[in-house]
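This one's a predicted model, so the numbers in the text were calculated from it and none came from an experiment. Both backbone and side-chain heavy atoms feed into the values below; hydrogens, waters and symmetry mates do not.
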Amino acid sequence: MSTTTRVNPVGRALSDAGVLAWRSLKRIPRTPDMLIYATIQPIMFVLLFAYVFGNAIPIPGFPGARAYREFLMSGIFAQTMAFAVASASVGLADDMSKGLIDRFRSLPMARSGVIAGRVIGDLVFNAFVMVVMVICGFIVGWRWHNGFAQALAAFAILLLFAFAMLWVGALIGLSVGSAEVAASAGLIWLFPLTFLSNAFVPTPNLPSGLQPVAEWNPISAIVAACRHLFGNPSPFASPTGFPAQHPVLLSLLWCLVIIAVFAPLAVRKYRHATTR
């Protein structure tokens, strides 16, 4: 009598993703410079904007440099999570160029698990970077005012946003030819998206033609949701608009839309990129 063992495809994909996520995390102690450089940039942004521009950028209805520092930190958090795109794009492009993806293809592994493993590993890495940012924020005078539970909800939204952006980075990394190109392709479009938002400048201070664009920007939605949950200053050009009235809902919708679009595209691109 013969027996047939059926493998649950979902369980197999999760198992493969866990193995590859662990592989990604094991490289961090061996390359501490990667962790150092990942935290230096956001720390520099905090210090530059808090102490150089803090008195130059007024927050409508909230005077003083302390108000700008509390306004600033949610923008720094969201920017740091958005820049997670680069880690996924460079990592996957490097694996592609070294032939590692082809080795994975030869193994009995779930195709979605290969990319999900990279995404999960990078998400854990970015969670650690966010802890460093929180400490830096406390040093410059940032605080949350709505209790620990709402602060945790804000950090959960930030991690969900990082998870969504990592799928964007995965698609970019699988679409370009080298890690060098992936580094540029993963970040060049993020700078205008970040600065054309409420991350560093209140939207009422922007030109009237840019205000609606900035307030519906996905980064603005994440930033506004975090400010709302942290109890930090969050002025809007249109206080009665949907982004101002429902910042948490809008941030969740943006995250789900990004994941729904880019996760299937990344898995499909992986199948195509590893097919000869």
Legend entry - Pair H145, E70: side-chain N/O donor-acceptor within cut-off below 3.5 Å: yes
Tell me the closest heavy-atom pair linking [X] and [Y], and the distance in Å.
{"X": "P202", "Y": "P58", "result": "CG-O, 3.6 Å"}
{"X": "L206", "Y": "A214", "result": "CD1-CB, 3.6 Å"}
{"X": "A164", "Y": "C255", "result": "CB-O, 3.8 Å"}
{"X": "P239", "Y": "A244", "result": "O-CB, 3.4 Å"}
{"X": "P233", "Y": "A67", "result": "CG-O, 3.9 Å"}
{"X": "P247", "Y": "A225", "result": "O-CB, 3.6 Å"}

Calculate, to the nearest 0.5 Å, the distance between atoms [atom1] and [atom2] belonging to [X] and [Y] respectively.
{"X": "C226", "Y": "I157", "atom1": "SG", "atom2": "CD1", "result": "6.0 Å"}
{"X": "L193", "Y": "I188", "atom1": "CG", "atom2": "CD1", "result": "13.5 Å"}
{"X": "L190", "Y": "I219", "atom1": "CG", "atom2": "CD1", "result": "6.0 Å"}
{"X": "S89", "Y": "M165", "atom1": "OG", "atom2": "CE", "result": "10.5 Å"}
{"X": "H246", "Y": "L253", "atom1": "NE2", "atom2": "CG", "result": "11.0 Å"}

Following the transitive rule for hydrophobic clusters with a side-chain heavy-atom cut-off under 4.5 Å over Ile, Leu, Val, Met, Phe, Trp and Tyr, establish whether [X] and [Y] coincide in one cluster.
{"X": "L174", "Y": "W189", "value": "yes"}
{"X": "W254", "Y": "M81", "value": "no"}
{"X": "F45", "Y": "F128", "value": "yes"}
{"X": "V267", "Y": "L256", "value": "no"}
{"X": "L250", "Y": "I258", "value": "no"}

Inset, instruction - In sequence, state the C-alpha distance, the side-chain angles, and the governing distance for L160 and I259, and then conclude on side-chain contact (heavy atoms from CB on, under 4.5 Å). - result: CA-CA 9 Å; L160 179 63; I259 294 170; 4.0 Å; yes
Inset, instruction - Please say whether the positively charged group of R227, taken as NZ for Lys or CZ for Arg, lies over the ring of F71, i.e. under 6.0 angstrom from the six-membered ring centre and within 45 degrees of the axis. - result: yes
Legend entry - Partners meeting side chain to side chain donor-acceptor pair (under 3.5 Å) with T203 (sequence neighbours left out): E215
Inset, instruction - May I ask you to decide if the ring planes of F163 and W167 are parallel, tilted or perpendicular, using 30° and 60° as cut-offs? - result: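 Answer is perpendicular, since the angle exceeds 60°.
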Legend entry - Parallel, tilted or perpendicular, as decided by the 30° and 60° cut-offs, for the rings of F242 and W216: parallel
Is there a side-chain contact between [X] and [Y], using heavy atoms and a 4.5 Å cut-off?
{"X": "I222", "Y": "S74", "result": "no"}
{"X": "P243", "Y": "F236", "result": "yes"}
{"X": "T80", "Y": "M130", "result": "no"}
{"X": "M133", "Y": "I43", "result": "yes"}
{"X": "F195", "Y": "V201", "result": "no"}
{"X": "N146", "Y": "F230", "result": "no"}
{"X": "L159", "Y": "N126", "result": "no"}
{"X": "P207", "Y": "L210", "result": "yes"}

Inset, instruction - Carefully, step by step, assess V140 and Y51 under the rule side-chain contact (heavy atoms from CB on, under 4.5 Å). - result: CA-CA 9 Å; V140 301; Y51 293 107; 3.8 Å; yes
Answer yes or no: is there a donor N or O on one side and an acceptor on the other, between the side chain of [X] and the main chain of [Y], under 3.5 Å?
{"X": "S220", "Y": "N198", "answer": "yes"}
{"X": "S238", "Y": "T240", "answer": "no"}
{"X": "N217", "Y": "L196", "answer": "yes"}
{"X": "D122", "Y": "A84", "answer": "no"}
{"X": "Y68", "Y": "F200", "answer": "yes"}

Legend entry - Worked verdict on V46 versus M73 for side-chain contact (heavy atoms from CB on, under 4.5 Å): CA-CA 7 Å; V46 171; M73 286 310 302; 4.0 Å; yes
Inset, instruction - Please list, chain by chain and in numerical order, all residues satisfying ring pair (Phe, Tyr, Trp, His ring centres under 6.0 Å) with F77, sequence neighbours excluded. - result: W142
